[in-house]
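Working notes for the structure below.
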Amino acid sequence: MDVLELYRRTGALLEGHFLLRSGLHSPLFLQSAALLQHPLYAEAVGEALGKLFEDEGVDFVIGPALGGVVLSFVVAKALGARALFAEKDGQGGMTLRRGLTVNPGERFLAVEDVVTTGESVRKAIRAAEARGGVLVGVGAIVDRSGGEAAFGVPFRALVRLGVPQYLPEACPLCRDGVPLEEV
């Protein structure tokens with residue numbers, strides 16, 4: 001499956017000057033919600049990502065809200081597992097929504113659409129581990145961390161993308177006066 005072609009086909013691959021959630025700037029942005037709004041594409045991505053972890057014995061899949069909700073669902077469906085999500089707790093972390101349960105010792109996979117620094121998915125991981133879950137892997141549609149993201153468990157992505165990312169003070173797009181878009 002050509003994941004980047006799916007991003008292009010759905011208008012989810014944007015070029016310009018973007019402020020990423022991490023605070024970094026980039027000439028490329030992947031608007032995964034535009035891709036995942038198509039159930040057939042979302043299911044295909046979920047099945048492909050699930051196959052990367054089919055031997056891990058996953059009890060549930062978790063992703064950070066809001067972007068990880070659909071992704072955790074389609075990957076969990078592919079793995080025959082439960083789908084959970086973590087949401088912001090108002091204190092800089094994440095928590096599980098009331099009614100979503102984790103039993104101590106349950107094995108889980110954490111998923112994210114695009115990993116740049118990995119901080120969002122780490123917050124979801126901490127929320128599940130706080131309830132006794134045991135992390136067995138991290139999956140992403142796109143790894144744009146440049147090999148920098150590490151989680152202490154297998155980290156697998158459908159595509160690894162080498163896209164420049166800049167600290168705001170060192171951004172050549174800012175220097176060239178290219179308008180910054182917040183997405």
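As the structure is a prediction and not an experimental result, all values here were calculated from the model.
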Donor-acceptor pair, side chain of Ser72 and main chain of Ala83, under 3.5 angstrom: no
Heavy-atom check, side chain of Glu181 versus side chain of Leu19, under 4.5 Å: no
Euclidean distance, Leu79 CG relative to Phe60 CZ, rounded to 0.5 Å: 12.5 Å
Flag, side chain of Arg107 to backbone of Gly57, donor-acceptor distance under 3.5 Å: yes
Residues Arg160, Ser145; criterion side-chain hydrogen bond (donor to acceptor under 3.5 Å, both in side chains); working and verdict: CA-CA 8 Å; Arg160 297 199 187 281; Ser145 75; 5.9 Å; no
His38 and Arg9, any side-chain heavy atoms less than 4.5 Å apart: no
Distance-minimising heavy-atom pair for Gly46 and Ala78: O-CB, 3.7 Å
Distance (rounded to the nearest 0.5 Å) between Phe151 CZ and Leu135 CG: 9.0 Å
Taking every non-hydrogen atom, the tightest pair across Leu52 and Arg156: O-NH1, 2.7 Å
Residue Glu169 excluded, over 12 heavy atoms near CD under 6.0 Å: yes
Distance, nearest 0.5 Å, that separates CG of Leu24 from OG1 of Thr117: 7.5 Å
Atom pair CG/CZ of Leu100 and Arg131 - distance to nearest 0.5 Å: 7.5 Å
Distance, nearest 0.5 Å, that separates NZ of Lys88 from OG of Ser120: 7.5 Å
Heavy-atom closest contact (Tyr166 atom, Pro27 atom, distance): CE1-CD, 4.2 Å
pair Phe108-Ile125: side-chain heavy atoms closer than 4.5 Å: yes
Nearest-0.5 Å distance that lies between atom CD in Glu112 and atom CD1 in Ile62: 11.5 Å
Test log, rule side-chain contact (heavy atoms from CB on, under 4.5 Å), inputs Val115 and Val142: CA-CA 6 Å; Val115 169; Val142 178; over 6 Å; no
Residue pair Leu49 / Leu158, side-chain heavy-atom distance below 4.5 Å: yes
Of Leu35, Asp113, Ile141, Leu161, the residue whose pairing with Leu30 passes side chain to side chain contact (heavy atoms under 4.5 Å, CB included): Leu161
Main-chain N/O of Ala44 paired to Glu47 side chain as donor or acceptor, under 3.5 Å: no
Residue Glu5 excluded, over 12 heavy atoms near CD under 6.0 Å: yes
Within 45° cone of Phe85 ring axis and under 6.0 Å: Arg97 NZ or CZ: no
Side-chain heavy atoms of Val136 within contact of Val153, under 4.5 Å: no
Side chains of Glu87 and Pro64 in contact at under 4.5 Å (non-hydrogen atoms): no
Residues, nucleotides or ligands: over 12 heavy atoms within 6.0 Å of Leu180 CG: yes
Heavy atoms from other residues, nucleotides or ligands near CZ of Arg21 exceed 12 (cutoff 6.0 Å): no
Contact check, side chains of Pro154 and Val138, non-hydrogen atoms, under 4.5 Å: no
Lys77 side chain to Glu43 backbone, donor-acceptor under 3.5 Å: no
Backbone of Phe53 reached by a side-chain donor or acceptor of Glu56 within 3.5 Å: no
Phe155 side chain reached by Asp143 side chain, heavy atoms, under 4.5 Å: yes
Heavy-atom closest contact (Ser26 atom, Pro164 atom, distance): OG-O, 3.2 Å
